[in-house]
Asker: 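What follows is a single structure, and I will ask about it in a moment.
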Amino acid sequence: MNEKPMKRQSFLHGAAILALGTMLVKLIGACYKIPLGNIIGDDGYGYFTTAYDIYAVLLTISTAGLPVAMSRMISASQALGNNAQIKRVYQASLCVFLPIGILGCGGMLLFSRQLAGFMEQPNAWASIAALAPAVFFVCVISSYRGFFQGQSNMIPTSVSQVFEALCKLLLGLGAAWLVMDRTGDVALAAGGAILGVTVGTVISAAYLGVKHKQAAAWLSAHGGTAAPLGKTVRALLAIAIPITIGAAGLQLINLVDAKIVMTQLKGYLAQTEADGLKGIYNFCQTLFNLPAAFIVPITVSIIPSITGYLTKGDKKAAWSVEESAIRITGLLGLPCGVGLAALASPILVLLRHYGAEQLSTGQPVLFIFGVAVIFNCLVLLTNAIMQAHGNVSTPLIDMLIGGIVKVVVNFILVSRPELNIVGAPIGTLCCYITILALNLFSMRRMLRDCCPRIVRLLAKPLAASLVMGGAAWAAQGLLFRVLGSNALSCLGGMAAAVAVYAVMVVLLRIITLEDCMLLPKGEKLAKLLKIKGSAD
């Protein structure tokens, strides 16, 4: 039996653990996706991404609302010292997760060809079928992760993510290469690549199952009073359903939007040309999603932290967590977006060896996505803050409105041959600008006197990011003229960006002493950076 209580981390400590895991996952993912694109080409990468588009809808239905609901309910129970109710919330989650996982897995497997046809990419069927079992195992994984995250223990989640990524790299990339080498069939090779994702979810679920058994043993020995299972399920669904509807609605809109984009492209292009443009767009979209992956650890960590403080009636502490989260989000998200925009062309040449024709499409797509990164990161954070305060319906409505804006803009712009696929990221940018504007208006009305000072907190990170972007662009251009190597000049531009941004962070005192104290070894970090007080 586990004799010690689960170790609880501060929100920023937990976010740092998740961010470290995310960094490893993304590095592994880069070692996976960049060679994968070269093995199966833009067409195969399009099939690969189409399967993920469908998977994302089912994944969102399975995991968007329930882990958040679990996190809030478990955090509240832990704040009250009711360990029995923590176990009950986990049991209730299984009653909901498992049927969803079984239905989602069966649907993708049985209707893989029909789904591929609906998406206007019939050759994506193998990828869809190979990914189907992952829906079930992700439901199991999400239940485990919600259990740990609600208790502010982010280590099991982080470790399990690394396990998934390693399986994807070793098995998926190997399968893709083997199938292409033996058959030359791009569709089957894309399916082989995605099979590694499915195996990764199996390994991850097994690891989390072992960790849960250890943690649950301690909870059983330290009592409390559990509410009836039916009542707990209803309470869980009351929080989860609005979040799930909003997130799933946006994913469904994205799915329809992906179909609209392909339909509009095929109005004036052949299937192979449309597939190629979609592949370029999907690769740029992968880079767009990368910065958000480092914001998700913050959103995951602040929900139980804010909920715990609100349960105890400590609004000031909750407000402090929100402000610190905004500051860290700006510190991470803004430079990522500016950097992608500033170095769009050299990044694509470095990662995919694009020629002039492909760059004429890819460069503007990635530039626009870079700007959209900033709004996307802030949307994720503002959604989490409202959800932590118990407002789950407003983010739902705001996201659906943003999704509709995206569909309308894409329908209009992608149909224009002079824009073609470049119209799609414009729709994405309009979508997230709309959602953020609505979220900020709602937060101001909902939180009133305790609303975090978002504009003020982001001013310094924005200034530092713009200076960094200018330095990166100038350094890359200069190095390219001197060295004549895109790879070396791009890496040099990135190095200049990191150095300039680090200096700006210190000079503008963007990180506060309070932020440092939430991190492990925070006192030493503050001393190293010569941080003595608040930045405000």
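For this chain, numbers begin at 1 and follow the sequence in order. Hydrogens, waters and symmetry mates play no part in the numbers below; they use all other heavy atoms, side chains included.
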Asker: If you take all heavy atoms of Gly330 and Pro335, which pair is closest and at what distance?
Answerer: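 Looking at all heavy atoms of both residues, the closest pair is O-CD, 3.5 Å.
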
Asker: Would you confirm whether Thr198, through its side chain, and Ala130, through its main-chain N or O, come within 3.5 Å as a donor-acceptor pair?
Answerer: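 Yes: the side chain of Thr198 pairs with the backbone of Ala130.
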
Asker: For Tyr309, is the OH atom crowded, meaning more than 12 foreign heavy atoms sit under 6.0 Å from it?
Answerer: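 No, the 6.0 Å shell around OH holds no more than 12 heavy atoms from other groups.
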
Asker: Does the side chain of Asn383 come within less than 4.5 Å of Val379's, by heavy atoms?
Answerer: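 Of all side-chain heavy-atom pairs linking Asn383 with Val379, at least one is under 4.5 Å.
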
Asker: Going by side-chain contact (heavy atoms from CB on, under 4.5 Å), Phe136 matches just one of Ile100, Leu98, Ile141. Which one?
Answerer: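 When side-chain contact (heavy atoms from CB on, under 4.5 Å) is applied between Phe136 and each of Ile100, Leu98, Ile141, only Leu98 qualifies.
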
Asker: Closest approach of Leu208 and Thr157, non-hydrogen atoms and distance?
Answerer: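 For Leu208 and Thr157, the tightest heavy-atom pair comes out as CD2-N, 4.5 Å.
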
Asker: Hey, is the main chain of Ala372 close enough, under 3.5 Å, to the side chain of Asn376 for a donor-acceptor pair?
Answerer: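 No, because the side chain of Asn376 does not come within donor-acceptor range (under 3.5 Å) of the backbone of Ala372.
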
Asker: Under a 4.5 Å cut-off applied to non-hydrogen side-chain atoms, are Val261 and Phe411 in contact?
Answerer: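 Val261 vs Phe411: side chains apart.
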
Asker: State, yes or no, whether a side-chain contact exists between Met446 and Thr394 at a heavy-atom distance under 4.5 Å.
Answerer: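 Of all side-chain heavy-atom pairs linking Thr394 with Met446, none is under 4.5 Å.
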
Asker: Between Leu237 and Val233, does the side chain to side chain contact (heavy atoms under 4.5 Å, CB included) criterion hold? Intermediate values first, please.
Answerer: CA-CA 6 Å; Leu237 291 176; Val233 169; 3.9 Å; yes

Asker: Roughly how far, to the nearest 0.5 Å, is the OG1 atom of Thr299 from the CD1 atom of Ile385?
Answerer: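 Rounded to the nearest 0.5 Å, the CD1-OG1 separation comes out at 10.0 Å.
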
Asker: Counting N and O atoms only, with roles assigned by atom type, does the side chain of Ser204 sit under 3.5 Å from a partner on the main chain of Thr201, one being a donor and the other an acceptor?
Answerer: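 No; zero donor-acceptor contacts below 3.5 Å.
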
Asker: What's the separation between atom CD1 in Ile194 and atom CG in Leu131, rounded to the nearest 0.5 Å?
Answerer: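 The CD1 atom of Ile194 sits 4.5 Å away from the CG atom of Leu131.
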
Asker: Any idea which heavy atoms bring Ile454 and Ile326 closest together, and the distance?
Answerer: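 Of all heavy-atom pairs spanning Ile454 and Ile326, the closest is CG1-CD1, 3.5 Å.
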
Asker: Test side chain to side chain contact (heavy atoms under 4.5 Å, CB included) on Glu322 and His389 and set out the steps.
Answerer: CA-CA 11 Å; Glu322 291 161 9; His389 279 267; 2.5 Å; yes

Asker: Locate the shortest heavy-atom distance separating Phe375 from Leu436; write the atom from each residue and the value.
Answerer: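 Smallest interatomic distance, heavy atoms only, reads CD2-CD2, 3.7 Å.
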
Asker: In the structure I gave you, are the side-chain heavy atoms of Asp314 and Lys316 within less than 4.5 Å of one another anywhere?
Answerer: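 Result yes, sub-4.5 Å side-chain heavy-atom pair found.
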
Asker: Specify whether Phe369 and Tyr281 have parallel, tilted or perpendicular ring planes, treating 30° as the upper limit for parallel and 60° as the lower limit for perpendicular.
Answerer: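 Because their plane-to-plane angle lies in the 30° to 60° range, the rings of Phe369 and Tyr281 count as tilted.
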
Asker: Less than 4.0 Å between a side-chain N and a carboxylate O, is that true for Arg145 and Glu164?
Answerer: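 Judged by the 4.0 Å cut-off on N to carboxylate O distance, Glu164 and Arg145 do form a salt bridge.
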
Asker: For Gln114 and Trp125, run side chain to side chain contact (heavy atoms under 4.5 Å, CB included): C-alpha distance rounded to whole Å, both residues' side-chain angles, the deciding distance at 0.1 Å, then the answer.
Answerer: CA-CA 8 Å; Gln114 291 88 337; Trp125 69 269; over 6 Å; no

Asker: In terms of side-chain heavy atoms, does Ser442 have a donor or acceptor partner in Asn439 at a distance below 3.5 Å?
Answerer: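 Looking only at side-chain atoms, Asn439 and Ser442 do not form any donor-acceptor pair under 3.5 Å.
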
Asker: Are side-chain heavy atoms of Cys95 and Leu229 found at a separation under 4.5 Å?
Answerer: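 Heavy-atom side-chain distance check passes, below 4.5 Å.
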
Asker: Okay, side chain of Ser143, backbone of Val140: is any donor-acceptor separation there less than 3.5 Å?
Answerer: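 Judged by distance alone, no pair lies under 3.5 Å.
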
Asker: Under 3.5 Å, is there a donor-acceptor pair between the side chain of Ser160 and the main chain of Pro156?
Answerer: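 Yes; at least one donor-acceptor contact below 3.5 Å.
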
Asker: Measuring only between side-chain heavy atoms, which start at C-beta, is Leu332 closer than 4.5 Å to Cys377?
Answerer: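 No; the side chains remain at least 4.5 Å from each other.
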
Asker: Can you measure from CE (Met108) to CG (Leu103) and round to the nearest 0.5 angstrom?
Answerer: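 Going from the CE atom of Met108 to the CG atom of Leu103 covers 14.0 Å.
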
Asker: First locate atom CD1 of Ile298, then atom OG1 of Thr329, and finally report the distance between them rounded to the nearest 0.5 Å.
Answerer: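 Here the interatomic distance stands at 4.0 Å.
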
Asker: Please check if atom NZ in Lys315 has more than 12 non-hydrogen atoms from other residues, nucleotides or ligands closer than 6.0 Å.
Answerer: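 Check fails, neighbour count at 12 or below.
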
Asker: Measure the CD1-CD1 distance between Ile306 and Ile303 for me, rounded to the nearest 0.5 Å.
Answerer: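 Rounded to the nearest 0.5 Å, the CD1-CD1 separation comes out at 8.0 Å.
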
Asker: So, Arg88 versus Gln85: side-chain donor-acceptor pair below 3.5 Å or not?
Answerer: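 Checked: Arg88/Gln85 side chains show no N/O donor-acceptor pair below 3.5 Å.
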
Asker: With a 4.5 Å cut-off on side-chain heavy atoms, are Met73 and Thr232 touching?
Answerer: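 Yes, at least one pair of side-chain atoms sits under 4.5 Å.
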
Asker: Hey, mind stepping through Thr428 and Phe288 against side chain to side chain contact (heavy atoms under 4.5 Å, CB included) and telling me if it holds?
Answerer: CA-CA 10 Å; Thr428 299; Phe288 161 74; 4.0 Å; yes

Asker: Mark yes when over 12 heavy atoms from residues, nucleotides or ligands other than Tyr207 sit less than 6.0 Å from its OH; otherwise mark no.
Answerer: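 More than 12 within 6.0 Å, yes.
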
Asker: Check Ile302 against Ala325 and note the closest heavy-atom contact, atom names and distance.
Answerer: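 Answer, listing the atom of Ile302 first, then Ala325: CG2-CB, 3.8 Å.
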
Asker: Show the nearest heavy-atom pair for residues Val373 and Gly333, with the distance to one decimal.
Answerer: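 Of all heavy-atom pairs spanning Val373 and Gly333, the closest is CG1-O, 3.9 Å.
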
Asker: Measure the spacing between CG of Leu287 and CG of Asn282 and express it to the nearest 0.5 Å.
Answerer: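 Reported to 0.5 Å precision, the distance equals 11.5 Å.
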
Asker: Less than 6.0 angstrom from the centroid, inside 45 degrees of the normal: does Lys211 satisfy that with respect to the ring of Phe148?
Answerer: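 Not flagged: Lys211 not positioned over aromatic ring of Phe148.
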
Asker: Are Trp319 and Arg453 close enough that some pair of their side-chain heavy atoms sits under 4.5 Å apart?
Answerer: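 Counting from C-beta outward, Trp319 and Arg453 do come under 4.5 Å.
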
